[in-house]
Amino acid sequence: MPNTPPSSLSFSRRSFLTRSALTMGMAVTGTGLLAACGSDEPSTDASAEGGLKPFTFLSGIPLETLSMAIELYAVAGGFFAKHGLDVTLQQTKGTSQALQTMLAGVAPVTRLGQMEVMAAITDSNQPLINIGTCFRTSAVRFVYSKSKHPVEKPDDLVGQTMGVPSEGGNSDKVVSLVMAAGGLDPKQCKRQVVGLTPGTFSLVKQGRIVGYVTTVDVANILVNQDPDVGVFDPAKYAKADSQVYVTSKDALVKDADDLRKFLAGVHDSLAALVADTNFDKALPILRKHYSFATLDDDKIARPSLTMLRNGWMGGDLSGPLLTVDEEAWAAGYKELLDAGMVKPGGDPAAWYDNSMLPKA
């Protein structure tokens, strides 16, 4: 498959499908839809796929990023199909919409930042449950111009405007947490909604924003394109920026069997990616089903996946897969509480459930 220019992020026609049988409603109109079961030409008829049960996962970030590698590989590598699910990856317009769409009962699971989950529970008593941790450290990066205004510490954001892909979403909250970790008022840094793509860096060059929050692989594209690009890892200051699979209390009961199957597929996909040292097995399978800039270019894909793997595992490749660490989860709540980003009096131990994960 030929490489796709960085300015052209798209899925291959083979795996970019729409399903008339799947009615996502008004909440996700105009968003991306991706479905496959590990075959070259996935059928839209579940009965034709060996009786696989349709299942929808809501993604608050674009599907054409390696930050979605676990889910993409679970589809393309047949890991979901192995557990009896025909999974559709459904993109929404940001993580906030993914949360609301899930709570509306359109789909049983999404992936959110720890900050969003804890804020939603403590601020508005949303019935959310974390059923698995897929990123133990930050999944995003801040990109900035070295020559215009370096962003190397929280103080560098004071009086500036940062670009974020969604207002009030995890990217917005991670900027606030970095500011608070530096003893600063998050309101001292303005936010502007921008895209995640490499092209957004033109706004940084023009001085309209000091930088923006984007994915690891897009940050790597920019570094390879322009020596003026600097990258800031918020995990240096923001420890409560894990990413977790989230369901509702109702779905935890009503869709328990399907959620276990979903997590089993995710677990198998993650295990394969962790074991695949240089991603020699994963990349050909992913490229057979999908095509987008950061996946197609080896110079971007391999280092990005290596960095992401470190985030998935928190730097410990021998650690448990997906298990919610009670101490880290509780410490994250305290960090957010100290930053004034969540309300006091919460019980973080009641907000997660490891019982849905595959047994060791």
Kindly indicate whether the side chain of [X], heavy atoms from C-beta on, has any atom under 4.5 Å from the side chain of [Y].
| X | Y | answer |
| --- | --- | --- |
| V143 | Y212 | yes |
| L286 | L72 | yes |
| T137 | W312 | no |

>> If you take the centroid of each ring, where Trp contributes its six-membered ring, are Y245 and F262 closer together than 6.0 Å?
In response: yes

side-chain hydrogen bond (donor to acceptor under 3.5 Å, both in side chains) test vs S304 passes for just one of T215, T65, N220, namely N220

Check this for me: [X], atom [atom1], are more than 12 non-hydrogen atoms of other residues, nucleotides or ligands nearer than 6.0 Å?
| X | atom1 | value |
| --- | --- | --- |
| K205 | NZ | yes |
| E326 | CD | no |
| Q206 | CD | yes |

Sorted by chain and residue number, the side chain to side chain donor-acceptor pair (under 3.5 Å) partners of Y237 (sequence neighbours excluded) come out as none

Applying salt bridge (Lys or Arg N to Asp or Glu O under 4.0 Å), run through D257 and R260 and close with a yes or a no. CA-CA 5 Å; D257 187 54; R260 287 191 182 95; 5.4 Å; no

Applying salt bridge (Lys or Arg N to Asp or Glu O under 4.0 Å) to D325 and not counting sequence neighbours gives none

Residues at least two apart in sequence or cross-chain that pass side chain to side chain contact (heavy atoms under 4.5 Å, CB included) with M313, listed by chain then number, are V274, L317, L321

Next item on the list: Show your working on salt bridge (Lys or Arg N to Asp or Glu O under 4.0 Å) between D268 and K82 and close with a plain yes or no.
Entry: CA-CA 10 Å; D268 290 352; K82 170 186 169 185; 3.1 Å; yes

